Participant: 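I have a structure here, written as structure tokens, and I will follow up with some questions on it.
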Amino acid sequence: MKLRSFFSLFIAILIAQTAVAQPTDSTSFHLNYAVGADLSFLKMAEDNGTEFKDNGVVKPGLDIFRDHGYDWIRLRLFHSPDRLPNDLEYTIELAQEAKKRGMKFLLDYHYSDTWADPQKQWMPAAWEGLEYDALRDSVYDYTKRTIKAFKEAGVMPEMVQIGNEIRNGMIWPAGRLPENWDTFAGLLQAGIDGVDAGRGQAMRPLIMVHYDNGADARGNREFYDNIQKYGIEFDIIGLSYYPWWHGNLLELRENLLSLMKHYDEDIILVETAYNWRPSEYTEEGKLAPWPETPQGQKDFLETVHETLININSSRIKGIFWWEPAVTGGLRSRGYFDDEGNALPVINVFDKYKRQ
């Protein structure tokens with residue numbers, strides 16, 4: 001009887017150990033070099049009748065980007081927008097179209113009802129007046145609910161960005177930096193925890209923390225040093241680089257080398273753009289580093305991309321253009337002229353295209 005009990009216990013322990021050792025689907029996504037674009041306004045443009053053309057042929061915008069080597073889409077998500085289209089339903093529909101074409105998906109939480117960037121990080125109206133604990137719980141619950149919705153819709157993101165260009169914090173005034181680092185860190189962690197709760201047993205998305213000025217080595221060090229001090233674990237350092245705001249390519253390179261020296265996370269240039277007609281360098285005496293022409297725009301992207309890939313490190317993980325299919329006042333930063341014709345910049349990644 002004792003022998004039987006011993007063997008029963010042994011079998012139970014063996015089964016338990018085997019169950020623990022079994023691989024699960026919750027491991028993190030493996031990232032190759034990403035060529036992507038923030039196409040958050042693409043669906044709105046096409047729904048409003050805009051036609052995009054490649055070599056004179058009208059095609060769905062996503063097909064044009066996929067045909068030219070873009071394998072990632074980045075989509076912003078606003079909490080409860082009243083003027084802009086980027087709510088949960090809209091974002092799911094656009095992500096589904098991208099996934100049908102085999103594209104990977106980076107979800108960009110703005111944690112606001114409108115644009116969030118270093119100059120503005122306005123709290124969603126639904127969270128106004130909440131004390132810290134309730135606000136932290138709201139960030140967690142909202143992130144969990146929306147991630148679960150993406151998963152159930154078949155478009156679980158491979159990467160998630162917790163906040164957009166959060167150098168000065170997020171969810172103001174509570175999480176504004178530099179005065180509220182404790183609160184900001186708690187809200188950032190709540191977002192990360194919400195991703196994990198919402199994904200269930202799905203593969204864990206890579207987590208990005210996004211600093212806007214990709215050419216500011218000192219500012220990046222101060223920010224990510226503080227992130228480390230609070231014990232916040234993430235996978236990707238996300239950077240923006242717009243030369244008329246941020247600096248020259250040598251400063252961008254210096255920051256990339258500094259980040260690789262001091263931190264273990266991979267790095268993606270998650271926003272960049274340049275104009276194909278005079279826009280940012282029209283003031284007298286303000287010299288454009290590249291001509292603001294269709295060819296100058298293409299040369300800019302080629303040069304920035306070569307700056308990234310010529311750094312001898314596998315931790316440089318990709319580049320994203322910001323809103324190449326935008327219409328209206330920012331169309332000069334896009335990839336299409338006023339008639340919807342693709343500009344030369346669309347061809348930059350043709351030679352890198354994965355078959």
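Computed from a prediction, not measured in an experiment: that's the story for all the values here.
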Participant: Is it true that a side-chain atom of Ser112 and a backbone atom of Trp122 form a donor plus acceptor pair closer than 3.5 Å?
Facilitator: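 Yes, the answer is positive, given that a donor and an acceptor are paired below the 3.5 Å cut-off.
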Participant: Using every non-hydrogen atom in the two residues, find where Pro157 and Leu107 come nearest and quote the distance to one decimal.
Facilitator: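 Scanning both residues completely, I find the closest heavy atoms to be CB-CB, 4.0 Å.
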Participant: Would you confirm whether Asn275, through its side chain, and Arg277, through its main-chain N or O, come within 3.5 Å as a donor-acceptor pair?
Facilitator: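 It does not hold such a pair.
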Participant: Please verify the inter-ring angle class for Phe78 with Trp115; under 30° counts as parallel, over 60° as perpendicular, anything in between as tilted.
Facilitator: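 Correct class here is perpendicular.
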Participant: For Gln96 and Val155, indicate whether the former's side chain and the latter's backbone hold a donor-acceptor pair under 3.5 Å.
Facilitator: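 Judged by distance alone, no pair lies under 3.5 Å.
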Participant: Any salt bridge linking Arg66 with Asp63? Criterion: basic side-chain nitrogen under 4.0 Å from a carboxylate oxygen.
Facilitator: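 Salt bridge absent between Arg66 and Asp63.
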Participant: With the 4.5 Å side-chain cut-off for hydrophobic clustering, are Met159 and Ile227 part of the same group?
Facilitator: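 They do not share one cluster, since no chain of ILVMFWY contacts under 4.5 Å joins Met159 to Ile227.
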Participant: Using the ring of each side chain (for Trp, its six-membered ring), is Trp181 parallel, tilted or perpendicular to Tyr230, with breaks at 30° and 60°?
Facilitator: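 Aromatic pair Trp181/Tyr230 classed parallel.
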Participant: Compute the centroid of each ring, for Tyr142 and then for His79, and state whether the two points are separated by less than 6.0 Å.
Facilitator: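 Yes; His79 has its ring centre under 6.0 Å from that of Tyr142.
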Participant: Assess whether a salt bridge exists between Asp67 and Lys59, defined as any Lys/Arg side-chain N lying under 4.0 Å from an Asp/Glu carboxylate O.
Facilitator: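 Lys59 and Asp67: salt-bridged.
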Participant: Could you tell me whether the side chain of Asp266 and the main chain of Lys317 form a donor-acceptor pair under 3.5 Å?
Facilitator: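 Not at all, since once roles are kept as given, no pair shorter than 3.5 Å links the two residues.
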Participant: If the threshold is 4.0 Å, N to carboxylate O, is there a salt bridge linking Arg167 and Asp117?
Facilitator: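 Salt bridge: no.
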Participant: Is a salt bridge present between Lys100 and Glu97, judged by a nitrogen-to-oxygen distance below 4.0 Å?
Facilitator: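 Judged by the 4.0 Å cut-off on N to carboxylate O distance, Lys100 and Glu97 do form a salt bridge.
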Participant: side-chain contact (heavy atoms from CB on, under 4.5 Å) with Leu239: which of Asn213, Asn255, Ile319?
Facilitator: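 Considering Asn213, Asn255, Ile319, a side-chain contact (heavy atoms from CB on, under 4.5 Å) with Leu239 is found only for Asn255.
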Participant: Supply the atom-to-atom distance Ile268 CD1 to Ile237 CD1, rounded to the nearest 0.5 angstrom.
Facilitator: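 Between Ile268 CD1 and Ile237 CD1, I get 11.0 Å after rounding to 0.5 Å.
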Participant: Mind checking whether Leu259 and Tyr33 sit in one hydrophobic cluster, side chains of I, L, V, M, F, W, Y counted as touching below 4.5 Å?
Facilitator: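 Yes; Tyr33 is reachable from Leu259 via cluster members.
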Participant: Over 60° means perpendicular and under 30° means parallel, so tell me whether Tyr109 and Tyr111 are parallel, tilted or perpendicular.
Facilitator: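 Taking Tyr111 first and then Tyr109, their aromatic rings lie parallel (interplane angle under 30°).
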Participant: Between Tyr335 and Phe52, does a ring-ring contact (aromatic ring centres under 6.0 Å, His included) hold up when you go through it step by step?
Facilitator: CA-CA 10 Å; Tyr335 280 15; Phe52 296 105; over 10 Å; no
Participant: Under 4.0 Å between a Lys/Arg side-chain N and an Asp/Glu carboxylate O for Glu302 and Lys351?
Facilitator: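 No, no charged N to carboxylate O under 4.0 Å.
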Participant: Give me the one residue out of Arg74, Arg76, Arg333 that meets side chain to side chain donor-acceptor pair (under 3.5 Å) with Glu323.
Facilitator: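 It is Arg76; the other options fail the test.
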Participant: Between Asn248 (side chain only) and Glu251 (backbone N and O only), is there a donor and an acceptor less than 3.5 Å apart?
Facilitator: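 Yes, the answer is positive, given that a donor and an acceptor are paired below the 3.5 Å cut-off.
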Participant: I'd like to know if Val270 and Ile267 are part of one continuous hydrophobic network [Ile/Leu/Val/Met/Phe/Trp/Tyr, side-chain heavy atoms within less than 4.5 Å].
Facilitator: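 Ile267 does not cluster with Val270.
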Participant: Is it possible for you to say whether Tyr70 and Phe41 belong to one hydrophobic cluster, with membership spreading through side-chain heavy-atom contacts below 4.5 Å?
Facilitator: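 Yes, Tyr70 and Phe41 fall within the same hydrophobic cluster.
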Participant: Looking at Lys286, I want to see if its NZ is surrounded by more than 12 non-hydrogen atoms of other residues, nucleotides or ligands under 6.0 Å.
Facilitator: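 Buried by this count: over 12 neighbours within 6.0 Å.
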Participant: Report the distance from atom OH of Tyr241 to atom CD of Glu271, rounding to the nearest 0.5 Å.
Facilitator: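 One gets 14.5 Å once the value is rounded to the nearest 0.5 Å.
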Participant: If we ignore hydrogens and angles and just use 3.5 Å, is the side chain of Gln297 paired with the main-chain N or O of Gly334 as donor and acceptor?
Facilitator: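 It does hold such a pair.
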Participant: Hydrophobic clustering (ILVMFWY, side-chain heavy atoms < 4.5 Å, transitive) - are Ile73 and Ile236 grouped together?
Facilitator: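 Hydrophobic grouping puts Ile236 apart from Ile73.
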Participant: Indicate yes or no for a side-chain donor-acceptor contact from Gln161 to the backbone of His210 under 3.5 Å, with no hydrogens or angles considered.
Facilitator: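 No, the answer is negative, given that no donor and acceptor are paired below the 3.5 Å cut-off.
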